[in-house]
> 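Below is the structure I would like to discuss, written out as structure tokens.
Everything numeric here is computed off the predicted structure, so don't read it as measured data. When a residue number appears, it is its place in the shown sequence, counting from 1. In listed order, ligands and their atoms are each counted from 1.
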Amino acid sequence: MFPDEGARRERMVGGQIAGRGVHEPRVLAALRKIPREAFVPDPLKNVAYEDEPLPIGEGQTISQPYIVGFMTEALALKGGERVLEIGTGSGYQTAVLAELAGEVFTVEIVESLSLGARGTLSTLGYANIRFRTGNGAEGWAEFGPYDAIMVTAAPVLIPPALRDQLKVGGRMIIPVGSGGQTLILVRRGEEGFEERDLLAVRFVPLVNERRM
Ligand code: SAH
């Protein structure tokens, strides 16, 4: 459809992502490989590689490429992990995780978005992803605990179920706050949880945070 997709991806990775300090080679390779235009609505395919979030319907957005790179790098995936993602949205971030980990379990509260992402990701050939429509504040206990958890909608407080479903030694990256939000890296050690503030961000709110 766009013969210069490869070149656009290369520009996106070089200029917006590596250029701003995301250096993990496996993350950059995944971002170079995945056709981001497959995850945005038709009228926006020509701007799929721009440095901004884009609307994907239902009032939701596909995250800015730099943020996808930054959050993915923070999980420090080595390959083979079991990863939980909350907020499937377009499925773009899901594809990045599926490239880097063993299995991805992704939860989305809006059914039409979950079904759309499922279609896109199966067309692209991903077979290591399980989808669920439901409230991500509950996590997905059936397949936990997880080596890593990625949350792409912002709760006011970290949902307790997500902490519970993180393995000892595991990492979670999550935007937290109302209005102004901070991206927090949570590490679970033998002794408990350690949290580090990484970056000021703006995500859509995690809805139904408290209805658990
Ligand atoms: N990672 C996505 C970003 C989507 S925006 C992408 O790159 O496309 C955040 C998504 O979180 C939206 O699709 C929204 O519907 C979803 N969401 C909001 N609250 C949720 C909840 N409680 N449980 C699961 N998904 C939720």
Side-chain angles (χ1 to χ4, degrees), residues 9 12 16-17 22 27 30-31 34-41 44-45 47-75 83-101 104-121 124 126 129-144 146 148-162 165 172-178 181 183 201-212:
R9 281 203 283 283
M12 172 187 84
Q16 304 171 31
I17 301 172
V22 175
V27 174
L31 295 168
I34 300 165
R36 190 170 154 90
E37 70 282 355
F39 297 87
V40 305
L44 295 176
K45 290 203 189 292
V47 291
Y49 294 98
E50 299 299 311
D51 188 14
E52 58 196 1
L54 297 171
I56 55 171
E58 309 287 347
Q60 304 302 329
T61 55
I62 177 172
S63 303
Q64 180 189 12
Y66 167 66
I67 293 293
V68 173
F70 183 89
M71 290 177 74
T72 308
E73 184 176 63
L75 290 181
V83 180
L84 174 66
E85 179 191 37
I86 305 302
T88 315
S90 66
Y92 177 68
Q93 173 75 72
T94 321
V96 177
L97 295 171
E99 289 283 343
L100 298 174
V104 182
F105 298 83
T106 185
V107 183
E108 167 60 53
I109 205 161
V110 178
E111 184 169 36
S112 60
L113 292 176
S114 181
L115 294 176
R118 200 180 295 225
T120 307
L121 290 161
L124 291 175
Y126 289 97
I129 304 170
R130 293 216 205 190
F131 299 84
R132 179 178 136 108
T133 302
N135 184 3
E138 298 165 8
W140 193 349
E142 187 184 351
F143 297 104
Y146 300 93
I149 301 180
M150 156 96 57
V151 185
T152 62
V156 177
L157 296 169
I158 298 176
L162 298 183
Q165 290 169 32
M172 166 162 57
I173 182 96
I174 180 168
V176 179
S178 52
Q181 303 158 2
L183 207 49
V201 285
R202 240 187 41 231
F203 279 83
V204 299
L206 186 81
V207 303
N208 286 348
E209 178 180 347
R210 279 166 222 283
R211 216 187 296 155
M212 292 184 290

> Below 4.0 angstrom from a heavy atom of Ile62, which ligand 1 atoms are there? Numbered from 1 as shown, please.
6 (C), 7 (O), 8 (O)

> Considering non-hydrogen atoms of the protein only, which is the closest contact for atom 7 (O) of ligand 1, and what is the distance?
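Of the protein heavy atoms, Ser63 N, 3.5 Å lies nearest.
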
> Using a 4.0 Å cutoff against the non-hydrogen atoms of Gln93, which atoms of ligand 1 qualify?
1 (N)

> Please write down residue, atom name and distance for the protein heavy atom closest to atom 11 (O) of ligand 1.
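Protein heavy atom at minimum distance: Gly87 CA, 3.3 Å.
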
> Please could you name the atoms of ligand 1 that Val110 approaches to less than 4.0 Å, counting only its heavy atoms?
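Under 4.0 Å from Val110, ligand 1 has these atoms: 15 (O).
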
> Checking Glu108 side chain against Ser114 main chain: does a donor-acceptor pair fall under 3.5 Å?
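The answer is no, because no donor-acceptor pair under 3.5 Å joins these two groups.
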
> Which protein heavy atom lies closest to atom 19 (N) of ligand 1, and at what distance to 0.1 Å?
Val207 N, 3.0 Å

> Tell me if a side-chain donor or acceptor on Gln16 pairs with a main-chain N or O of Tyr49 at a distance below 3.5 Å.
yes

> Check each atom of ligand 1 against the heavy atoms of Ser90 and keep those under 4.0 Å away; list them by number with element.
6 (C), 7 (O), 8 (O)

> Considering only non-hydrogen protein atoms, determine which one is nearest to atom 26 (C) of ligand 1 and report residue, atom name and distance to 0.1 Å.
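It is Ile109 CG2, 3.7 Å.
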
> Check the side chains of Gln60 and Ser90 for a donor-acceptor pair under 3.5 angstrom, ignoring hydrogens and angles.
no

> Would you mind telling me which of Val104, Val151, Leu162 makes a side chain to side chain contact (heavy atoms under 4.5 Å, CB included) with Leu84?
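By the side chain to side chain contact (heavy atoms under 4.5 Å, CB included) criterion, Leu84 pairs with just one of Val104, Val151, Leu162: Leu162.
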
> Under 3.5 Å, is there a donor-acceptor pair between the Ser112 and Glu58 side chains?
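Present: a donor and an acceptor within the cut-off.
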
> Verify, without hydrogens or angle tests, whether Glu209 (side chain) and Leu157 (backbone) share a donor-acceptor contact under 3.5 angstrom.
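Judged by distance alone, yes, a pair lies under 3.5 Å.
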
> Which of the atoms in ligand 1, numbered in the order shown and given with their element, are less than 4.0 Å from a heavy-atom of Asn135?
21 (C), 22 (N), 23 (N)

> With backbone taken as N, CA, C and O and side chain as the heavy atoms from C-beta onward, which portion of Val68 lies under 4.0 Å from ligand 1: side chain, backbone, both, or neither?
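Under 4.0 Å from ligand 1, Val68 contributes no heavy atoms.
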
> Could you pull out, from Asn208, Thr152, Leu206, Thr94, the option with a heavy atom nearest to atom 21 (C) of ligand 1?
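The nearest heavy atom belongs to Leu206.
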
> Heavy-atom contacts with Ala153 under 4.0 Å: which atoms of ligand 1 show up? List them by number with element.
11 (O), 18 (C)

> Does the plane of the ring in Phe70 sit parallel, tilted or perpendicular to the ring in Tyr66? Use 30° and 60° as the thresholds.
tilted

> Give the intermediate values and the outcome of salt bridge (charged side-chain N to carboxylate O under 4.0 Å, His left out) for residues Glu142 and Arg130.
CA-CA 12 Å; Glu142 187 184 351; Arg130 293 216 205 190; 5.9 Å; no

> Which ligand 1 atoms, with their elements, are less than 4.0 angstrom from a heavy-atom of Val107?
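Per the distance check, 24 (C), 25 (N).
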
> Counting only N and O atoms by type, is there a donor-acceptor contact under 3.5 Å from the side chain of Thr152 to the main-chain atoms of Ile86?
yes

> Specify the protein heavy atom at minimum distance from atom 13 (O) of ligand 1: its residue, its atom name, and the distance to 0.1 Å.
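In this structure, atom 13 (O) of ligand 1 has Glu108 OE1, 2.7 Å as its nearest protein heavy atom.
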
> Heavy-atom distances under 4.0 Å decide this one: backbone, side chain, both or neither, for Gln60 against ligand 1?
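Only the side chain of Gln60 comes within reach of ligand 1.
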
> According to the interplanar angle, ranging from 0 to 90°, do the rings of Tyr92 and Phe39 count as parallel (below 30°), tilted (30 to 60°) or perpendicular (above 60°)?
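Geometry flag for Phe39 against Tyr92: perpendicular rings.
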
> Among Pro205, Gly136, Gly89, which one has a heavy atom closest to atom 18 (C) of ligand 1?
Pro205

> Relative to the heavy atoms of Gly134, which atoms of ligand 1 are at a distance of less than 4.0 Å?
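Counting atoms of ligand 1 from 1, those under 4.0 Å from Gly134 are 23 (N), 24 (C).
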
> Quick test of your reading of the structure: of Thr61, Ile67, Val40, whose heavy atom lies closest to atom 3 (C) of ligand 1?
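It is Thr61 whose heavy atom sits nearest to atom 3 (C) of ligand 1.
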
> Hydrogens and angles aside, do Thr133 and Glu111 bring a side-chain donor and acceptor to less than 3.5 Å of each other?
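Judged by distance alone, the side chains do not pair up.
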
